[in-house]
Amino acid sequence: MNEKNTEYHANSIEKYWQNIWQQKNIFKISEDKKQKKYYVLEMFPYPSGRIHMGHVRVYTLGDVLARYKRACGFNVLHPMGWDAFGMPAENAAFENNIHPRTWTNKNIINMKEQLKMMGISYDWEREISTCDPEYIKQQQKLFIKFFKANLLYKKEAWANWDPVENTVLANEQVIDGKGWRSGVKVERKLLNQWFLNITKFSDELLSDLDLLENWPENVKIMQKNWIGKSVGAEIQFEIIDKSKLGLVKKNLNVYTTRPDTIYGASFLAIAPDHELSKILSKSDSNIKNFVLKWEKTFSNEEMIEKGPKEGIFTNLFVKNPITEKELPIYIANYVLSTYGSGAIFGVPAHDERDYLFAEKYKLPIIQVVRPYDNSIKSLPYTGPGKVINSDFLNNIDTEEAKKEIIKKLEEINCGTKQTKFRLRDWCASRQRYWGCPIPIIYREDGEVLPVEENELPVLLPDDVDFRKKTGNPLENHPDWKHTSCKKTGLSAVRETDTLDTFFDSSWYYLRFIDPFNKNPINKDIVDDWSPVHQYVGGIEHAVLHLLYSRFFVKALHSMGEINFKEPFTGLFCQGMVCHKTYQDSDNNWVYPEEVIKKEAGQFLHKSNGKKVKELRSEKMSKSKKNIVDPVNIIEKYGADTARFFMLSDSPPERKLEWTNSGIDGSHKYLLRVWKFFKSVSFDKVARHESYNYKDKKNIHLIYKTNYYIDKVTKSLDNFQYNVSVALIREYSNIFFSLDIDTSNEEQLIALKFSLTKWVILIAPMAPHLAEELWKQLGYQESLVSIQPWPKADLNFLINTDVNIVIQVNGKKKLVLKIPKDLTAEETKALLMEKEEVKEIVRNNKIKKVITVPNKIFSIVI
RNA sequence: GCCCACUUGGCGGAAUAGGUAGACGCAAGGGACUUAAAAUCCCUUGUCCGUAAGGACGUCCCGGUUCGAGUCCGGGAGUGGGCACCA
């Protein structure tokens with residue numbers, strides 16, 4: 001850099017320091033085994049081709065932490081990679097006839113360049129991409145391990161089927177019951193798909209949430225609700241007249257969380273896809289029609305929400321094992337086969353759905369619970385109370401009755417206590433091209449076998465025509481799926497589904513630890529570095545990605561692959577980046593840069609001069625055009641300005657409002673700092689860590705330096721980066737307002753000391769500028785990025801005087817300066833003699849005095 | 001419907017552990033510099049009363065605990081988020 005240049009050319013400065021960091025390799029982990037490790041990770045991005053402000057925010061937050069921890073002496077691992085499989089690449093292939101791989105790799109190159117512009121302290125040598133053949137190979141090995149450990153199985157399941165595109169759609173791709181691209185109503189289709197046995201770990205996934213002290217409470221609650229543990233009873237109801245239909249099973253299993261209401265049961269209902277429904281529909285055309293109708297409508301979400309409770313009587317009855325009463329069996333559209341046992345007993349008086357059903361089919365409504373306040377509310381009543389109309393349970397609390405009835409059921413061998421979960425196994429099959437191939441073959445003799453390890457990876461074929469929109473590309477490929485079993489020579493067919501991309505992201509954080517190992521996970525090193533100390537990412541993954549990753553770690557732990565049970569010790573979820581939205585008179589969205597502000601509340605379109613409405617601020621999104629391109633911002637102001645603004649305006653977990661004045665403000669501030677540093681030369685000033693200062697002003701500056709080191713450090717530890725920014729500004733306001741006398745050596749020594757500390761404090765936030773300023777302070781040969789974090793000298797923070805607030809009846813009356821650390825008695829004695837205090841008290845009788853040393857003197861009159 | 005979070009000036013937000021509410025900014029107004037503007041620098045800025053000194057009120061609303069509540073407790077409103085036929 002040209003030393004004489006006093007202009008702040010952010011772009012060239014930033015490029016310069018990024019090169020220096022890279023040359024000196026300062027963001028690599030050290031091999032020193034004794035150094036304490038710290039693994040900082042931000043959720044890796046999907047390579048869409050361009051970074052957006054959300055990326056800028058999350059990666060800035062992660063980088064502040066990584067740089068700060070590095071300065072604190074930790075051996076910091078901070079890697080970055082690409083979540084490179086997924087739908088957009090296939091859509092691009094379809095729309096622009098470009099191969100998904102070409103498209104993805106091009107995007108990675110672009111995005112990497114953009115990320116590098118931000119100056120984030122990644123160790124780029126660890127970069128991984130989930131579509132890389134090596135990652136695919138290791139992941140397929142993992143898949144096979146899961147398969148061999150019986151954590152993977154294949155079963156028929158309902159999927160969203162787009163009849164025009166002939167493919168399965170993910171739930172997110174179904175909008176209002178229609179395919180997002182075809183616009184055609186999605187059908188439900190039974191497909192044979194691969195499932196991961198996540199439910200095997202339901203209990204652990206739930207209870208281990210308690211171990212995650214450094215996770216946001218709301219994420220834990222979301223996971224808890226998603227897992228949905230409920231404790232109840234499974235009860236066997238004997239089917240009467242089963243011989244009539246030649247039924248093999250004589251019992252119907254029913255799960256309930258309200259066994260206490262069993263005396264109120266007036267019917268039994270099973271799901272339309274319950275095993276018994278299937279049997280009955282074979283011989284009964286009415287039942288068959290009912291089930292067929294249900295199959296067509298039940299994918300429609302609106303029907304599920306608002307649709308009527310409907311059912312059909314099966315002509316069968318069961319015996320209530322407790323009351324011995326006969327109850328009719330219905331097939332009902334509101335009973336889910338996927339929860340519990342797919343069968344319920346209906347208690348109309350105490351369940352809203354059962355109530356609606358009973359009204360429709362004129363079934364008895366028997367009240368068996370009375371609310372505690374005795375008020376005769378309208379039925380159904382679903383709360384707790386005293387049990388009535390229930391023989392031996394009468395007058396018992398509902399909670400107690402649950403226990404009693406289970407005891408009874410167990411005695412007569414008709415039921416047991418049961419715990420159920422809402423969580424379902426994870427369907428990991430996708431009938432798509434751009435994903436990791438599932439390494440399974442189906443041999444002609446019917447065997448389902450994993451691909452032999454020496455044949456891995458199974459890679460995607462390149463010669464696929466993406467303009468043909470129908471069907472699964474791997475299924476339709478002329479020869480890809482045809483293979484043979486190498487052991488037996490028998491012919492075989494490959495699995496043509498690929499893996500859900502959440503599979504890729506469920507273990508990438510383990511791969512980063514040793515990205516080139518010939519095994520997926522190198523246990524020794526992975527155990528050393530795991531779990532990730534601080535994970536940073538969006539709350540939109542609160543359940544999916546974070547739950548899947550937790551499952552992966554538990555599964556790998558159960559297989560002995562790793563020695564820890566949770567993937568992320570700390571989790572931080574950053575807020576969204578928002579911007580005002582604009583619409584013209586035709587309700588077309590308008591980009592912010594096309595809007596010019598006239599007077600207050602008046603906005604015009606830049607090019608056509610038409611009026612534009614300013615609407616509410618929302619999360620930046622392409623569809624509403626309320627986006628600001630980070631690359632433009634970095635080119636205009638520099639990465640440090642962008643980073644600094646990302647940190648300054650809002651607490652990291654809350655939404656950040658993007659404003660032009662905000663980014664301008666950050667830029668002006670950094671410019672001001674720059675100019676200040678350029679205005680004084682410290683080349684010839686010696687650096688003193690301790691010095692015998694004589695001048696009170698200098699002593700004060702040293703005091704403030706220590707004060708702010710302490711405060712900034714605490715705010716960083718608490719993730720209050722907006723406060724850190726405020727403190728750094730406050731601190732700099734002190735030296736901005738100094739009268740600097742360049743011939744006053746003591747002042748220059750004090751100032752150099754203070755500025756040295758200040759530059760280290762701002763370095764995690766504006767690292768490039770900090771390097772420049774560091775050099776300006778005269779440190780030509782070292783980098784601020786590898787300076788140790790300053791420690792506040794607490795001796796300096798010991799004040800001799802302290803402000804004490806004098807209150808009367810709890811209201812502040814005056815503030816006095818008194819010596820620090822007086823006892824309560826000394827404080828009282830001193831203050832009661834003060835004229836100002838006497839003045840306040842005057843003739844009033846003092847009832848009581850509360851003294852909090854160094855803080856408050858409260859007089860009650 | 002159920003669960004959770006949040007609510008502080010014109011705006012974003014500060015405020016260890018119940019102890020000086022509004023730090024730090026943005027916006028606005030005034031001033032300096034300038035032929036002028038931009039930029040920069042300085043000052044003012046919670047509301048109300050008052051010429052002033054000063055006083056009263058003030059952290060969504062109502063109530064409580066306390067010498068003292070933005071902070072704790074009870075009730076209510078609004079905003080945002082998650083789940084939603086889960087028996």
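Naming: A, B, ... by sequence-line order, numbering from 1 per chain.
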task: Report the residues that fulfil side-chain hydrogen bond (donor to acceptor under 3.5 Å, both in side chains) with A/Tyr339, sequence neighbours left out, ordered by chain and then residue number.
output: A/Ser230

query: Given that both distances must come in under 3.5 Å, which nucleotide forms a Watson-Crick or G-U wobble pair with B/A5?
result: B/U79

- request: May I have all residue pairs that pass side-chain hydrogen bond (donor to acceptor under 3.5 Å, both in side chains) and include part of residues 808-817 of chain A, sequence neighbours excluded?
  value: none

query: Which one, B/C67, B/A87, B/C42, comes nearest to the side chain of A/Val860?
result: B/C67

- prompt: Should B/C26 form a Watson-Crick or G-U wobble pair with both distances under 3.5 Å, which nucleotide is its partner?
  reply: B/G10

message: Salt bridge check, A/Lys420 against A/Glu234: does any charged N sit closer than 4.0 Å to a carboxylate O?
response: yes

query: Under 30°, 30 to 60°, or over 60°: which ring-plane class applies to A/Tyr669 and A/Phe736, parallel, tilted or perpendicular?
result: perpendicular

message: What I want to find out is whether A/Lys714 reaches A/Asp710 closely enough, with some N-O distance under 4.0 Å, to be called a salt bridge.
response: yes

- request: Mark yes or no for a side-chain to base donor-acceptor pair under 3.5 Å between A/Lys224 and B/C3, with no hydrogen or angle criteria applied.
  value: no

For nucleotides 16-22 of chain B, give me every protein contact, N/O to N/O, under 3.5 Å, one pair per line with atom names.
residue, atom, partner, partner atom, Å
B/G19, N2, A/Gln807, OE1, 2.6
B/U20, O4, A/Asn803, ND2, 3.4

field: Options B/C57, B/A87, B/A23, nucleotide nearest the side-chain atoms of A/Ala726
entry: B/A23

A/Asn225 CG - B/G81 P separation (whole Å): 17 Å

task: Send over the distance from A/Asn660 CG to B/G25 P, rounded to a whole Å.
output: 20 Å

query: Quick one: what's the B/S/- string for nucleotides 5-15 of chain B, heavy-atom cutoff under 4.0 Å, read 5' to 3'?
result: -------SSSS

query: Atom CG of A/Asp273 to atom C1' of B/C85: distance rounded to whole Å?
result: 14 Å

Under 3.5 Å, which N/O atoms of the protein pair with N/O atoms of nucleotides 44-49 of chain B?
none

message: Using O4'-C1'-N9-C4 for purines and O4'-C1'-N1-C2 for pyrimidines, with syn meaning within 90° of 0, is B/G76 syn or anti?
response: anti

message: Under a 4.0 Å threshold between the charged nitrogen and the carboxylate oxygen, would A/Asp354 count as salt-bridged to A/Lys309?
response: no

query: Do A/Ile365 and A/Gln367 have side-chain heavy atoms sitting under 4.5 Å apart?
result: no

message: Students often get this wrong, so: under 4.0 angstrom with heavy atoms, is A/Arg616 touching a base, only sugar-phosphate, or nothing?
response: sugar-phosphate

Watson-Crick or G-U wobble partner of B/G18, both distances under 3.5 Å: none

message: Between B/U47 and B/A21, how many Å separate the two C1' atoms, rounded to a whole number?
response: 14 Å

message: For the residue pair A/Asp425 / A/Thr199, report whether a side-chain donor-acceptor contact shorter than 3.5 Å exists.
response: yes

message: Any base atoms under 4.0 Å from A/Asn809, or only sugar-phosphate, or nothing? Heavy atoms, all strands.
response: sugar-phosphate

message: Tell me which nucleotide, if any, is Watson-Crick or G-U wobble paired with B/U40 when both distances must be under 3.5 Å.
response: B/A32

task: For A/Lys811, answer base if it contacts any base atom (sugar-phosphate contacts may also be present), sugar-phosphate if it contacts only those atoms, and nothing otherwise; contact means non-hydrogen atoms under 4.0 Å.
output: sugar-phosphate

Kindly give the atom pairs (protein nitrogen or oxygen, nucleotide nitrogen or oxygen) under 3.5 Å for nucleotides 26-28 of chain B.
residue, atom, partner, partner atom, Å
B/C26, O2', A/Ser661, OG, 3.1

message: Distance check needed: B/C85 C1' versus A/Glu310 CD, whole Å only.
response: 14 Å

task: Give one of base, sugar-phosphate or nothing for A/Val725, where a contact means two heavy atoms less than 4.0 Å apart.
output: nothing

task: Just say parallel, tilted or perpendicular for the rings of A/Tyr548 and A/Trp426, cut-offs at 30° and 60°.
output: parallel

message: For the residue pair A/Tyr708 / A/Glu730, report whether a side-chain donor-acceptor contact shorter than 3.5 Å exists.
response: yes

- line: A/Arg672 has its side chain closest, among B/C83, B/C85, B/C42, to B/C42

- request: State whether the side chain of A/Ser341 and the backbone N or O of A/Asn253 hold a donor-acceptor pair below 3.5 Å, judged by distance alone.
  value: yes

Lys/Arg N to Asp/Glu carboxylate O, A/Glu657 vs A/Lys655, below 4.0 Å: yes

query: Is there a donor-acceptor pair under 3.5 Å between the side chain of A/Arg422 and the backbone N or O of A/Trp226?
result: yes

message: Need the pair for B/C72. Rule: Watson-Crick or G-U wobble, both distances under 3.5 Å, any strand; none if unpaired.
response: B/G64

- request: Hey, can you tell me if A/Phe357 and A/Tyr361 have their rings parallel, tilted or perpendicular (30° and 60° cut-offs)?
  value: tilted

task: Would you indicate what A/Arg422 reaches in the nucleic acid, counting non-hydrogen atoms under 4.0 angstrom: base, sugar-phosphate, or nothing?
output: base

- prompt: Is A/Lys220 salt-bridged to A/Glu217, cutoff N-O under 4.0 Å?
  reply: yes

query: Is there a donor-acceptor contact under 3.5 Å linking the side chains of A/Ser648 and A/Tyr721?
result: no

- request: Can you tell me the pairing partner of B/G50 across any strand shown, Watson-Crick or G-U wobble, with both distances under 3.5 angstrom?
  value: none

query: Is any side-chain nitrogen or oxygen of A/Tyr255 closer than 4.0 Å to OP1 or OP2 of B/A87?
result: no

task: Quickly work out the A/Tyr339 OH to B/C83 C1' distance and round it to whole Å.
output: 14 Å

